[in-house]
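Take a look at the structure set out below.
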Amino acid sequence: MTHASETTNATDSDSVFTAADKYDGDVDSDGTGNGNGSGHGNGAGNGFGHGHGHGAGNSDRGHDLLSTDSLPPWLTPVARAAQTVQPLQLSRFLPPESGAGRQSAVLVLFGEGERGPELLLMERAGSLRSHAGQPSFPGGALDPEDGDPLTDGPLHAALREAEEETGLDPRGVQLFAVLPRLFIPVSDFVVTPVLGWWREPSPVGVVDPNETARVFTVPVADLTDPANRVTAIHPSGHRGPAFLVESALVWGFTAGVIDRILHFAGWERPWDRSKQVPLDWRA
């Protein structure tokens, strides 16, 4: 099994959400606005945009396992954004047209906790040789039994890997959208972010301590809090969005996905991009 963080936490120079020389918080294609809405209220947020990115929209990403029925109203902006967002609005690194790359998926799982909407994350074990201690979404490489990488394969993989890594019961998860496939050039991973609603929460925790240090949830309110937002600076000079939450620094691919979801759902609040956190050279 390929651990989710091996898929999703490349260095900032590898991250599909890192611009060549800088990060300015804006999307990479035309026709988008900056979502400056706040909170988790009902209804649509700002700045969904359609852009001019390459690749298919959600109309070409249909899956039998996806359903938006009975989603909580606060998830409406996320579901709507997923229907329109284009690949280049998420990243300039897109899958090779040749079809090369190792297919993988991550589960971006929204639940509702004591403080409202929240996301499920996990943290890699500190003893691992690469990306030790880094937070990530559950996920990993597709197995042959997951099915077609271009249809339902990523959905099966995201649920399977999440169950293997966190112990969650996939029967309580309602998958409602997928984001465009993205590419991590150095690791050669093609990653499909799969969005889910934790309709019936189940106990979660560390399944294999050799791979995972902890499994935890982060309130969306903390992710949108400007006090918790920083720009991560890799020793190579590359910059990307990051979050200081739950005694962890969330950066790289995982932070990039969260950043773009907050932006296109209209949940993003103005934050100080000059506030920087340097990454260790081993990151």
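The shortest non-hydrogen separation linking P154 to D148 is CD-O, 3.7 Å. Contact record, F189 with A141: CE2-CB, 4.4 Å, taken as the closest heavy-atom pair. For the residue pair P138 and T166, the shortest heavy atom distance occurs at CG-CG2, 4.0 Å. Scanning all heavy atoms of the two residues, the minimum distance from F264 to A81 falls at O-CB, 3.6 Å.
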Exercise. Does the pair H156 and L65 meet the rule for a side-chain contact (heavy atoms from CB on, under 4.5 Å), with working shown?
Worked result: CA-CA 9 Å; H156 290 293; L65 297 179; 3.5 Å; yes

Exercise. How far apart are the C-alpha atoms of F243 and L121, what are their side-chain angles, what is the distance that settles it, and do they pass the side-chain contact (heavy atoms from CB on, under 4.5 Å) test?
Worked result: CA-CA 12 Å; F243 301 83; L121 296 177; over 6 Å; no

Problem set entry | Candidate pair R273 and E268, rule salt bridge (charged side-chain N to carboxylate O under 4.0 Å, His left out), full reasoning | CA-CA 13 Å; R273 289 175 172 81; E268 184 178 33; 3.3 Å; yes

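Evaluation of the side-chain contact (heavy atoms from CB on, under 4.5 Å) rule for V277 yields V230, L244, L249 as partners, not counting sequence neighbours. For E112, the side-chain hydrogen bond (donor to acceptor under 3.5 Å, both in side chains) partners at least two apart in sequence or on another chain are W74. Every residue was checked against the side-chain hydrogen bond (donor to acceptor under 3.5 Å, both in side chains) condition with D225, not counting sequence neighbours, and none meets it. Scanning for side-chain hydrogen bond (donor to acceptor under 3.5 Å, both in side chains) contacts around D272 gives S274, with sequence neighbours left out. The side-chain hydrogen bond (donor to acceptor under 3.5 Å, both in side chains) test applied to D146 returns R160, not counting sequence neighbours. Residues passing the side-chain contact (heavy atoms from CB on, under 4.5 Å) test with E200: none are found, sequence neighbours excluded.
Transitive grouping of hydrophobic side chains (ILVMFWY, heavy atoms separated by less than 4.5 Å) brings V106 and L94 into a common cluster. Each of L155 and L142 belongs to its own hydrophobic cluster when Ile, Leu, Val, Met, Phe, Trp and Tyr are linked at side-chain heavy-atom distances under 4.5 angstrom. Both V108 and L71 are assigned to one and the same hydrophobic cluster, defined by single-linkage of ILVMFWY side chains at heavy-atom distances under 4.5 Å.
Separation of atoms CG (L119) and OG1 (T217) is listed at 9.0 Å; rounding is to 0.5 Å.
Side-chain contact between S67 and Q174 is present, with at least one heavy-atom pair separated by less than 4.5 Å. Within the 4.5 Å cutoff, side-chain heavy atoms of I258 are placed close to those of F137. Between F176 and V194 the shortest side-chain heavy-atom distance does not fall below 4.5 Å.
Ring orientation note: the planes of W267 and F110 are nearly perpendicular, at an angle over 60° on the 30°/60° scale.
More than 12 heavy atoms of other residues, nucleotides or ligands lie within 6.0 Å of CD in E145, so this atom counts as buried by the packing criterion.
Among D259, T224, D222, the single residue meeting the side chain to side chain donor-acceptor pair (under 3.5 Å) criterion with R229 is D259.
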